[in-house]
Structure formats: structure tokens, C-alpha cells
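Working notes, beginning with the structure itself.
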Amino acid sequence: MKLLRYGPLGQEKVGALDKSGQVRDLSLLISELTPEWLAPQRLAALAAIDLEKMPLVIDQPRFGIPFSGGRQFIAIGLNYRKHAEESGLPIPAEPVVFTKALTSMSGANDDIVMPEGSEELDWEVELGFVIGTLARKVTREKALEHVAGYVLANDISERHWQIKRNGQWGKGKSFDSFGPIGPWLTTADEIPDPQILSMELSVNGVVKQSSNTADMIFPVAEIVSYLSQFMTLLPGDVVITGTPAGVGLGMKPAQFLKKGDVVSLRIDQLGSQTQLVV
Ligand code: ZN
């Protein structure tokens with residue numbers, strides 16, 4: 001199932017994508033897609049809805065963050081070999097973990113707001129996953145049972161703040177609008193293997209990143225298990241899993257986003273995003 005929230009910011013309604021790719025309104029059944037709805041029994045109840053009988057949303061709505069009430073926004077760094085190399089950093093022996101502010105999360109096609117004075121604004125297409133059930137010290141074998149579904153994400157990064165402001169990547173990753181998520185959450189039953197998804201990102205129509213989640217150093221199951229050794233993951237937590245090569249910082253010379261640029265990205269089964277830099 002592809003679950004989503006649509007409508008103006010702050011007034012989103014719950015919906016789902018039907019077989020023909022059209023949005024169906026579920027707001028008569030569910031007032032808000034809270035983390036409780038990400039539990040397996042609840043998702044099974046949602047999957048039982050006959051979408052063809054639900055009202056069709058005719059206009060092209062704005063997509064909000066696909067669920068509400070997320071608690072943590074966690075990111076993995078340098079999880080693709082060639083990206084670590086282009087960043088001039090060693091291949092990590094264990095996952096690099098950092099956090100993005102929850103307030104950086106935005107809708108799939110919302111504008112990217114350039115911070116004042118920013119000169120090193122960059123893009124990062126990433127596979128994200130959303131936790132459905134509490135995960136604490138889980139094994140790699142059981143890890144995917146805790147994943148409710150997957151989302152497309154753009155880990156927007158301001159490299160000056162990330163690298164040159166005395167530590168903690170989160171500084172350059174947490175500005176408002178730096179975390180477009182969605183357009184929808186594809187439930188895990190539709191993606192039994194998250195390591196076979198092709199991904200692409202282009203800027204102003206020119207392809208910059210093109211890869212596949214098969215190239216991850218630490219796959220999703222390992223990331224869930226690893227994180228859960230030192231922190232409790234809760235329903236609604238979002239984890240983005242690192243970006244492949246082709247970011248602006250890795251170009252020679254480096255290329256960064258400027259006002260008016262259009263960023264487009266997609267991952268198999270997770271839909272696409274298009275953002276304008278303002
Ligand atoms: Zn990233």
C-alpha cells in the first residue's frame with residue numbers, strides 16, 4: 001500500500017494511492033496517520049480497504065510528509081563506496097550516524113529554502129525507511145520486521161555548515177525544508193528486498209546521481225540492527241540510509257545549488273520528487 005497525506009501545509013488529509021496511481025481520500029476512516037497506524041495489525045487493516053470505493057481526489061494535490069508524529073530523523077553517512085571516495089573520506093568500518101532536525105522534514109515537492117548567505121547547498125537522493133514497531137537490540141535477521149515501509153528522501157545539505165562550523169554534520173542538514181520525504185510511504189510488504197531499488201537525481205534536467213540500493217555498504221537490515229544496539233527506535237522514526245556518488249561537493253570543481261534550480265529525484269516504487277530552490 002502507498003500511504004500519504006495530501007493538502008495544504010497543516011491541513012493535510014490521509015490518503016492512499018490506488019492501482020491506477022490516483023489519490024484516494026481516506027479521511028472519513030482515519031483522521032490522522034499517526035505512528036500507531038504503522039504497526040503491522042493497523043497496516044493490515046488499512047490494506048483491507050477497497051480503495052476503488054473511496055473518494056477520488058481529482059485535482060493534483062500537494063503531498064505532505066506521508067505520516068505525522070515522527071519522533072526522530074536519523075541519517076547514515078558515507079554508505080556508498082564511491083560517495084565516500086568523492087568526499088575524500090575513508091570507507092567507514094561501522095555506519096556513520098547523525099541526526100537531522102525533525103523540523104527540517106517537508107513535503108516531497110515543497111520548495112527548498114536556501115539559508116541566508118548559503119553558497120554550498122547540495123543534494124542527496126536517499127532511500128528512507130520508517131520504523132513500525134519498537135526496536136531495541138534486534139538481530140539483523142529480525143530487523144526488517146520492525147520496518148513499516150520506505151520513503152524517497154532528499155538529504156539537503158549546506159556543506160559550509162556541515163563541514164566548516166566546528167563539528168556535527170547535523171548543523172548543515174537541519175535547516176527548514178532540508179528533508180523532503182515522500183510523496184508516499186510504500187509499505188514493506190510491497191518491498192520485500194530494499195536492496196534492489198534503482199535511484200536517480202537530476203538538477204535542471206541533468207542527471208547527477210544514478211545508482212542502486214544494491215551498492216550500499218550497510219544494508220537496511222544491518223542499519224536497523226546496528227542503531228538498535230545503542231538506541232531505542234520507535235514507531236514513526238525515519239532513517240535515511242546514505243547517498244550514492246554524484247553530489248555537488250564531489251564534482252571537480254564543486255557544483256552547488258542556486259536560486260531557481262530544480263531538483264528531481266526518484267527511487268523504484270517510491271515515486272518521485274521535484275523541488276524548486278528559492
Ligand atoms: Zn545523506
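As the structure lists them, so they are numbered: ligands from 1, and atoms in each ligand from 1. These figures come from a predicted structure and were not determined experimentally. Note that the numbering runs from 1 along the sequence shown for the chain. Both backbone and side-chain heavy atoms feed into the values below; hydrogens, waters and symmetry mates do not.
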Note to self: Which of the protein's N, O or S atoms come within less than 2.8 Å of the Zn ion (ligand 1), not counting waters?
What the structure shows: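 The answer is Glu124 OE1, Glu126 OE2, Asp155 OD2.
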Next item on the list: Report the C-alpha distance between Glu158 and Lys171 in whole Å, list the side-chain angles of each, state the deciding distance to 0.1 Å, and finish with yes or no for salt bridge (charged side-chain N to carboxylate O under 4.0 Å, His left out).
Entry: CA-CA 8 Å; Glu158 214 296 328; Lys171 290 179 190 173; over 6 Å; no
Notebook entry, point to check: Among Thr186, Leu265, Asp268, whose side-chain contact (heavy atoms from CB on, under 4.5 Å) with Leu152 holds?
Noted result: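 Of the listed residues Thr186, Leu265, Asp268, the side-chain contact (heavy atoms from CB on, under 4.5 Å) partner of Leu152 is Leu265.
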Next item on the list: Test Leu257 against every option in Asp122, Val203, Asn204 by the side-chain contact (heavy atoms from CB on, under 4.5 Å) rule and name the one that passes.
Entry: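 Result for side-chain contact (heavy atoms from CB on, under 4.5 Å) with Leu257: Val203.
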Next item on the list: Decide side-chain contact (heavy atoms from CB on, under 4.5 Å) for Lys173 and Gln162; before the verdict, give the C-alpha distance in whole Å, the side-chain angles of both, and the deciding distance to 0.1 Å.
Entry: CA-CA 7 Å; Lys173 306 258 191 181; Gln162 179 189 346; 3.8 Å; yes
Next item on the list: Determine which pairs satisfy ring pair (Phe, Tyr, Trp, His ring centres under 6.0 Å) with at least one residue from residues 86-143, sequence neighbours left out, and list them in order.
Entry: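 Ring pair (Phe, Tyr, Trp, His ring centres under 6.0 Å) check on residues 86-143 returns Phe98-Trp169.
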Notebook entry, point to check: When you look at Gln273 and Asn154, which way does the side chain to side chain donor-acceptor pair (under 3.5 Å) test go after all the steps?
Noted result: CA-CA 9 Å; Gln273 302 182 350; Asn154 192 355; 4.9 Å; no
